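Being a predicted model, the structure only gives us computed values, none of them experimental.
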Amino acid sequence: MARLLSSRWAIVLGLGLVLAILPFLFPSNYYFRVAAIVNIFALAAVGLNLLMGYAGQVSLGHAGFMGLGAYSVAIGATHFGLHGLAAAGLGAVLSAVVAFLVGRPILRLKGHYLAVATLGFGLLIAMALTNEASWTGGPDGMGVPRLEVFGTRLRGPDTWYYISAVMLLIGVILALNLIESPTGRAMRAIHDSEIASRVAGIDVASYKLKIFVVSAVYASIAGSLLAFLNGHITPDGTAGFLRSVELVTMVVLGGMGSVIGAITGAAVLVILPQALTIFHDYEHLMLGLMIMASMILLPRGIIPSLLARMRGGKS
(Lines give C-alpha, C1' and ligand atoms only; values in the text may rest on other atoms or scores of the structure.)
Protein backbone atom coordinates (compact mmCIF):
# COMPACT_ATOMS: atom_id res chain seq x y z
CA MET A 1 0.00 0.00 0.00
CA ALA A 2 2.80 2.41 0.89
CA ARG A 3 4.50 1.61 -2.40
CA LEU A 4 1.31 2.43 -4.34
CA LEU A 5 0.91 5.71 -2.49
CA SER A 6 4.54 6.66 -3.05
CA SER A 7 4.42 5.91 -6.77
CA ARG A 8 1.13 7.77 -7.11
CA TRP A 9 2.45 10.89 -5.41
CA ALA A 10 5.75 10.61 -7.29
CA ILE A 11 3.79 10.97 -10.53
CA VAL A 12 1.85 13.96 -9.19
CA LEU A 13 4.93 15.69 -7.77
CA GLY A 14 6.94 15.01 -10.93
CA LEU A 15 4.20 16.42 -13.15
CA GLY A 16 3.73 19.41 -10.86
CA LEU A 17 7.45 20.14 -10.95
CA VAL A 18 7.52 20.04 -14.75
CA LEU A 19 4.48 22.31 -15.02
CA ALA A 20 6.06 24.76 -12.55
CA ILE A 21 9.44 24.89 -14.31
CA LEU A 22 8.21 25.20 -17.90
CA PRO A 23 7.06 28.86 -17.68
CA PHE A 24 10.64 29.92 -16.89
CA LEU A 25 11.72 28.40 -20.22
CA PHE A 26 9.09 30.09 -22.39
CA PRO A 27 10.43 33.10 -24.34
CA SER A 28 7.02 34.38 -25.48
CA ASN A 29 3.25 34.06 -25.08
CA TYR A 30 3.16 31.71 -28.08
CA TYR A 31 4.79 28.99 -25.98
CA PHE A 32 2.37 29.62 -23.13
CA ARG A 33 -0.52 29.15 -25.56
CA VAL A 34 0.83 25.88 -26.99
CA ALA A 35 1.52 24.57 -23.47
CA ALA A 36 -1.98 25.53 -22.34
CA ILE A 37 -3.45 23.61 -25.30
CA VAL A 38 -1.29 20.62 -24.33
CA ASN A 39 -2.65 20.77 -20.76
CA ILE A 40 -6.24 20.97 -21.98
CA PHE A 41 -6.00 18.05 -24.37
CA ALA A 42 -3.99 16.08 -21.82
CA LEU A 43 -6.91 16.47 -19.41
CA ALA A 44 -9.33 15.10 -21.99
CA ALA A 45 -6.91 12.29 -22.88
CA VAL A 46 -6.52 11.28 -19.21
CA GLY A 47 -10.30 10.90 -18.97
CA LEU A 48 -10.52 8.95 -22.22
CA ASN A 49 -7.64 6.75 -21.07
CA LEU A 50 -9.70 5.70 -18.06
CA LEU A 51 -12.35 4.47 -20.46
CA MET A 52 -10.09 2.90 -23.09
CA GLY A 53 -6.94 1.93 -21.25
CA TYR A 54 -8.45 0.68 -18.00
CA ALA A 55 -12.06 -0.28 -18.77
CA GLY A 56 -11.30 -1.46 -22.32
CA GLN A 57 -14.15 0.47 -23.99
CA VAL A 58 -13.62 2.30 -27.29
CA SER A 59 -15.07 5.76 -27.94
CA LEU A 60 -14.76 7.46 -31.34
CA GLY A 61 -17.10 10.30 -30.44
CA HIS A 62 -15.57 11.69 -27.29
CA ALA A 63 -15.06 15.12 -28.82
CA GLY A 64 -18.84 15.45 -28.64
CA PHE A 65 -18.49 15.94 -24.89
CA MET A 66 -15.77 18.52 -25.47
CA GLY A 67 -18.24 20.31 -27.73
CA LEU A 68 -20.92 20.22 -25.05
CA GLY A 69 -18.54 21.74 -22.53
CA ALA A 70 -17.29 24.42 -24.92
CA TYR A 71 -20.72 25.48 -26.15
CA SER A 72 -22.17 25.41 -22.65
CA VAL A 73 -19.90 28.28 -21.56
CA ALA A 74 -20.55 30.17 -24.80
CA ILE A 75 -24.33 29.72 -24.90
CA GLY A 76 -24.74 30.07 -21.14
CA ALA A 77 -22.98 33.43 -21.07
CA THR A 78 -24.28 34.79 -24.39
CA HIS A 79 -27.92 33.74 -24.30
CA PHE A 80 -28.66 33.32 -20.60
CA GLY A 81 -26.23 35.69 -18.92
CA LEU A 82 -24.70 32.97 -16.75
CA HIS A 83 -21.33 33.39 -15.11
CA GLY A 84 -18.64 31.43 -16.96
CA LEU A 85 -17.91 29.10 -14.04
CA ALA A 86 -21.61 28.34 -13.57
CA ALA A 87 -21.95 27.65 -17.29
CA ALA A 88 -18.91 25.36 -17.24
CA GLY A 89 -20.36 23.49 -14.25
CA LEU A 90 -23.70 23.09 -16.01
CA GLY A 91 -21.83 21.85 -19.08
CA ALA A 92 -20.15 19.16 -17.00
CA VAL A 93 -23.50 18.13 -15.50
CA LEU A 94 -25.11 18.10 -18.96
CA SER A 95 -22.29 15.94 -20.32
CA ALA A 96 -22.66 13.53 -17.40
CA VAL A 97 -26.43 13.25 -17.98
CA VAL A 98 -26.00 12.76 -21.74
CA ALA A 99 -23.26 10.18 -21.14
CA PHE A 100 -25.51 8.32 -18.71
CA LEU A 101 -28.48 8.29 -21.11
CA VAL A 102 -26.40 7.40 -24.17
CA GLY A 103 -24.08 5.01 -22.38
CA ARG A 104 -26.79 2.69 -21.07
CA PRO A 105 -27.72 1.34 -24.51
CA ILE A 106 -24.46 1.68 -26.47
CA LEU A 107 -22.17 0.19 -23.81
CA ARG A 108 -24.02 -3.09 -24.26
CA LEU A 109 -22.21 -3.30 -27.60
CA LYS A 110 -18.67 -4.59 -28.03
CA GLY A 111 -15.76 -4.17 -30.40
CA HIS A 112 -16.35 -2.36 -33.68
CA TYR A 113 -20.09 -2.14 -32.96
CA LEU A 114 -19.32 0.01 -29.92
CA ALA A 115 -16.85 2.09 -31.94
CA VAL A 116 -19.46 2.78 -34.63
CA ALA A 117 -22.13 3.64 -32.05
CA THR A 118 -19.87 6.16 -30.29
CA LEU A 119 -18.86 7.54 -33.69
CA GLY A 120 -22.52 8.11 -34.51
CA PHE A 121 -23.03 9.91 -31.19
CA GLY A 122 -20.12 12.25 -31.89
CA LEU A 123 -21.39 13.00 -35.39
CA LEU A 124 -24.86 13.78 -34.03
CA ILE A 125 -23.46 16.29 -31.55
CA ALA A 126 -21.35 17.95 -34.25
CA MET A 127 -24.34 18.12 -36.62
CA ALA A 128 -26.58 19.61 -33.94
CA LEU A 129 -24.01 22.30 -33.11
CA THR A 130 -23.62 23.09 -36.81
CA ASN A 131 -27.33 23.23 -37.68
CA GLU A 132 -28.64 25.15 -34.65
CA ALA A 133 -27.19 28.39 -35.98
CA SER A 134 -29.50 30.63 -33.95
CA TRP A 135 -27.95 29.24 -30.76
CA THR A 136 -24.43 28.22 -31.82
CA GLY A 137 -23.59 30.49 -34.74
CA GLY A 138 -23.57 27.53 -37.13
CA PRO A 139 -20.38 26.44 -38.93
CA ASP A 140 -18.75 29.82 -38.27
CA GLY A 141 -19.03 29.28 -34.53
CA MET A 142 -19.52 31.89 -31.85
CA GLY A 143 -17.53 34.06 -29.49
CA VAL A 144 -16.96 33.18 -25.85
CA PRO A 145 -17.15 36.01 -23.29
CA ARG A 146 -14.03 36.36 -21.15
CA LEU A 147 -14.24 34.69 -17.78
CA GLU A 148 -14.33 37.19 -14.92
CA VAL A 149 -13.43 36.22 -11.35
CA PHE A 150 -13.60 38.71 -8.46
CA GLY A 151 -13.81 41.59 -10.91
CA THR A 152 -10.73 40.48 -12.87
CA ARG A 153 -11.02 39.27 -16.44
CA LEU A 154 -8.89 36.19 -17.06
CA ARG A 155 -7.14 36.69 -20.36
CA GLY A 156 -3.79 35.94 -21.92
CA PRO A 157 -2.11 32.59 -22.70
CA ASP A 158 0.05 32.76 -19.58
CA THR A 159 -3.01 33.05 -17.31
CA TRP A 160 -4.73 30.12 -18.96
CA TYR A 161 -1.54 28.08 -18.87
CA TYR A 162 -1.53 28.21 -15.07
CA ILE A 163 -5.27 27.55 -14.84
CA SER A 164 -5.09 24.59 -17.22
CA ALA A 165 -2.01 23.26 -15.39
CA VAL A 166 -3.88 23.27 -12.06
CA MET A 167 -6.90 21.57 -13.66
CA LEU A 168 -4.64 18.93 -15.22
CA LEU A 169 -3.00 18.22 -11.86
CA ILE A 170 -6.41 17.87 -10.20
CA GLY A 171 -7.56 15.58 -13.01
CA VAL A 172 -4.46 13.40 -12.69
CA ILE A 173 -4.83 13.12 -8.90
CA LEU A 174 -8.48 12.08 -9.24
CA ALA A 175 -7.63 9.60 -12.01
CA LEU A 176 -4.80 7.99 -10.02
CA ASN A 177 -7.01 7.70 -6.93
CA LEU A 178 -9.77 6.14 -9.03
CA ILE A 179 -7.36 3.66 -10.62
CA GLU A 180 -6.14 2.44 -7.22
CA SER A 181 -9.66 2.25 -5.74
CA PRO A 182 -11.97 -0.79 -5.80
CA THR A 183 -13.63 0.78 -8.85
CA GLY A 184 -10.25 0.88 -10.60
CA ARG A 185 -9.60 -2.76 -9.82
CA ALA A 186 -13.04 -3.63 -11.19
CA MET A 187 -12.25 -1.65 -14.35
CA ARG A 188 -9.03 -3.58 -14.92
CA ALA A 189 -10.86 -6.86 -14.37
CA ILE A 190 -13.47 -5.85 -16.96
CA HIS A 191 -10.68 -4.92 -19.36
CA ASP A 192 -9.13 -8.37 -19.00
CA SER A 193 -12.37 -10.37 -19.23
CA GLU A 194 -15.98 -9.31 -18.88
CA ILE A 195 -17.10 -12.91 -18.43
CA ALA A 196 -14.65 -13.57 -15.61
CA SER A 197 -15.65 -10.27 -14.01
CA ARG A 198 -19.32 -11.28 -14.00
CA VAL A 199 -18.41 -14.64 -12.47
CA ALA A 200 -16.49 -12.77 -9.74
CA GLY A 201 -19.63 -10.78 -8.94
CA ILE A 202 -18.71 -7.48 -10.61
CA ASP A 203 -21.61 -5.48 -12.04
CA VAL A 204 -19.98 -4.99 -15.45
CA ALA A 205 -22.69 -2.78 -16.97
CA SER A 206 -22.73 -0.45 -13.96
CA TYR A 207 -18.95 0.02 -13.85
CA LYS A 208 -18.71 0.60 -17.60
CA LEU A 209 -21.42 3.24 -17.40
CA LYS A 210 -19.77 4.95 -14.41
CA ILE A 211 -16.41 5.30 -16.12
CA PHE A 212 -18.07 6.47 -19.33
CA VAL A 213 -19.73 9.28 -17.36
CA VAL A 214 -16.47 10.17 -15.60
CA SER A 215 -14.54 10.35 -18.90
CA ALA A 216 -17.31 12.51 -20.39
CA VAL A 217 -16.97 15.01 -17.52
CA TYR A 218 -13.19 15.19 -18.10
CA ALA A 219 -13.81 15.95 -21.79
CA SER A 220 -16.47 18.55 -20.98
CA ILE A 221 -14.20 20.45 -18.60
CA ALA A 222 -11.41 20.34 -21.19
CA GLY A 223 -13.83 21.75 -23.78
CA SER A 224 -14.80 24.60 -21.45
CA LEU A 225 -11.14 25.45 -20.84
CA LEU A 226 -10.45 25.41 -24.59
CA ALA A 227 -13.36 27.79 -25.18
CA PHE A 228 -12.13 30.24 -22.54
CA LEU A 229 -8.58 30.08 -23.92
CA ASN A 230 -9.52 30.66 -27.57
CA GLY A 231 -12.38 33.10 -27.03
CA HIS A 232 -14.09 31.65 -30.12
CA ILE A 233 -15.32 28.14 -30.89
CA THR A 234 -16.58 26.21 -33.92
CA PRO A 235 -18.29 22.81 -34.17
CA ASP A 236 -15.38 21.25 -36.09
CA GLY A 237 -12.80 22.69 -33.72
CA THR A 238 -14.41 21.27 -30.60
CA ALA A 239 -16.73 18.40 -31.53
CA GLY A 240 -15.64 17.33 -35.01
CA PHE A 241 -14.84 13.73 -35.95
CA LEU A 242 -11.15 14.53 -36.47
CA ARG A 243 -11.01 15.91 -32.93
CA SER A 244 -12.29 12.58 -31.62
CA VAL A 245 -9.68 10.75 -33.68
CA GLU A 246 -6.99 13.02 -32.23
CA LEU A 247 -8.07 12.17 -28.68
CA VAL A 248 -7.97 8.42 -29.39
CA THR A 249 -4.57 8.81 -31.08
CA MET A 250 -3.21 10.65 -28.03
CA VAL A 251 -4.24 7.79 -25.76
CA VAL A 252 -2.92 5.03 -28.03
CA LEU A 253 0.28 6.88 -28.95
CA GLY A 254 1.20 7.67 -25.36
CA GLY A 255 0.19 4.25 -24.08
CA MET A 256 -3.16 2.90 -23.00
CA GLY A 257 -3.42 2.17 -19.30
CA SER A 258 -0.89 4.89 -18.43
CA VAL A 259 -1.87 8.31 -17.09
CA ILE A 260 1.53 9.76 -17.95
CA GLY A 261 1.23 8.08 -21.34
CA ALA A 262 -1.99 9.98 -22.05
CA ILE A 263 -0.30 13.27 -21.16
CA THR A 264 2.73 12.38 -23.30
CA GLY A 265 0.53 11.48 -26.25
CA ALA A 266 -1.29 14.81 -25.96
CA ALA A 267 2.00 16.71 -25.79
CA VAL A 268 3.40 14.92 -28.84
CA LEU A 269 0.29 15.39 -30.96
CA VAL A 270 -0.05 19.09 -30.08
CA ILE A 271 3.62 20.08 -30.26
CA LEU A 272 4.74 18.05 -33.31
CA PRO A 273 2.54 19.90 -35.85
CA GLN A 274 3.95 23.19 -34.53
CA ALA A 275 7.51 21.95 -34.86
CA LEU A 276 6.93 20.48 -38.32
CA THR A 277 5.74 23.75 -39.89
CA ILE A 278 9.28 24.14 -41.24
CA PHE A 279 8.36 21.46 -43.79
CA HIS A 280 5.54 23.67 -45.10
CA ASP A 281 3.35 21.60 -47.46
CA TYR A 282 4.76 18.31 -46.14
CA GLU A 283 4.10 18.83 -42.44
CA HIS A 284 1.07 16.50 -42.36
CA LEU A 285 3.01 13.84 -44.26
CA MET A 286 5.90 14.10 -41.80
CA LEU A 287 3.52 13.98 -38.83
CA GLY A 288 1.85 10.83 -40.16
CA LEU A 289 5.19 9.14 -40.83
CA MET A 290 6.49 9.96 -37.36
CA ILE A 291 3.34 8.61 -35.69
CA MET A 292 3.54 5.43 -37.79
CA ALA A 293 7.22 5.00 -36.93
CA SER A 294 6.59 5.47 -33.21
CA MET A 295 3.79 2.89 -33.22
CA ILE A 296 5.96 0.39 -35.12
CA LEU A 297 8.97 0.87 -32.86
CA LEU A 298 6.93 1.38 -29.66
CA PRO A 299 3.83 -0.77 -30.24
CA ARG A 300 2.51 -0.52 -26.67
CA GLY A 301 2.71 3.26 -26.71
CA ILE A 302 5.55 5.61 -25.87
CA ILE A 303 5.60 5.37 -22.08
CA PRO A 304 4.82 1.63 -21.54
CA SER A 305 7.28 0.63 -24.28
CA LEU A 306 10.07 2.81 -22.92
CA LEU A 307 9.48 1.54 -19.38
CA ALA A 308 9.57 -2.07 -20.62
CA ARG A 309 12.87 -1.46 -22.39
CA MET A 310 14.35 0.22 -19.33
CA ARG A 311 13.44 -2.85 -17.30
CA GLY A 312 15.08 -5.08 -19.88
CA GLY A 313 11.83 -6.51 -21.23
CA LYS A 314 10.27 -6.48 -24.66
CA SER A 315 8.37 -3.38 -25.82
Side-chain angles (χ1 to χ4, degrees), residues 41-69 95-130 175 186-198 204-220 222-223 235-259 261-262 265-266 268-269 288 291-292 294-296 299-302 304:
F41 279 100
L43 180 64
V46 168
L48 182 57
N49 192 40
L50 291 174
L51 180 68
M52 292 182 58
Y54 290 94
Q57 308 303 303
V58 179
S59 176
L60 292 179
H62 229 60
F65 296 115
M66 283 192 73
L68 289 177
S95 295
V97 172
V98 171
F100 179 81
L101 296 176
V102 171
R104 293 194 70 176
I106 68 173
L107 289 175
R108 299 174 185 270
L109 304 173
K110 297 179 181 179
H112 54 274
Y113 296 105
L114 175 60
V116 172
T118 55
L119 170 61
F121 163 75
L123 292 176
L124 283 174
I125 295 294
M127 289 174 59
L129 295 176
T130 301
M187 285 161 44
R188 291 194 291 273
I190 292 170
H191 181 280
D192 293 337
S193 173
E194 290 190 18
I195 296 176
S197 299
R198 289 193 182 93
V204 173
S206 176
Y207 278 108
K208 283 163 56 173
L209 184 58
K210 286 178 183 177
I211 201 60
F212 188 64
V213 171
V214 169
S215 65
V217 172
Y218 269 77
S220 177
D236 284 340
T238 55
F241 168 66
L242 291 180
R243 189 65 76 196
S244 290
V245 172
E246 283 183 0
L247 291 175
V248 173
T249 305
M250 290 172 184
V251 173
V252 175
L253 182 64
M256 290 198 296
S258 169
V259 171
V268 169
L269 216 59
I291 292 175
M292 289 172 60
S294 66
M295 293 310 300
I296 292 172
R300 291 168 54 188
I302 295 173

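- Distance check, rounded to the nearest 0.5 Å: NZ of K208 to CD1 of I190 gives 7.5 Å.
- Counting only distance, with no hydrogens or angles, the side chain of Y54 and the backbone of G257 share a donor-acceptor pair below 3.5 Å.
- Looking at M66 and L247, their side chains come closer than 4.5 Å, going by heavy atoms from C-beta outward.
- The two residues I211 and M187 make their nearest non-hydrogen contact at CD1-SD, 3.6 Å.
- Residues K110 and L114 fail the side-chain proximity criterion, which asks for heavy atoms closer than 4.5 Å.
- Interatomic distance, R104 CZ to S206 OG, rounded to the nearest 0.5 Å: 9.5 Å.
- A pairwise comparison of heavy atoms in S95 and G69 identifies OG-N, 4.4 Å as the closest pair.
- Residues F121 and F65 bring their aromatic ring centres within 6.0 Å.
- Residue F212 holds its CZ atom at 5.0 Å from OG of S59, rounded to the nearest 0.5 Å.
- Atom CG of L101 is separated from atom CD1 of I106 by 11.0 Å, given to the nearest 0.5 angstrom.
- Here the side chain of S215 pairs no donor or acceptor atom with the backbone of L51 at under 3.5 angstrom.
- A distance of 9.0 Å separates CG in L68 from OG1 in T238, rounded to the nearest 0.5 Å.
- Contact record, A45 with M250: CB-CB, 4.3 Å, taken as the closest heavy-atom pair.
- Atom OH in Y218 sits 12.0 Å away from atom CG in L48 (nearest 0.5 Å).
- Heavy-atom minimum distance, A126 versus P235: O-CB, 4.1 Å.
- In this structure, the side chain of E246 does not engage the main chain of S244 through any donor-acceptor pair within 3.5 Å.
- What you find for R243 and D236 is that their closest heavy atoms are CB-O, 4.5 Å.
- By the 6.0 Å contact criterion, CD1 on I195 is open, its count of non-hydrogen atoms from other residues, nucleotides or ligands being 12 or less.
- Taking the side chain as every heavy atom from C-beta outward, F41 and L269 never approach each other to under 4.5 Å.
- Annotation: side chain of H62 is not in contact with side chain of T118 (no heavy-atom distance under 4.5 Å).
- The two atoms that bring G64 and A239 nearest to each other are CA-CB, 4.2 Å, heavy atoms only.
- With contacts defined as side-chain heavy-atom distances shorter than 4.5 Å, the pair L60/V245 does not qualify.
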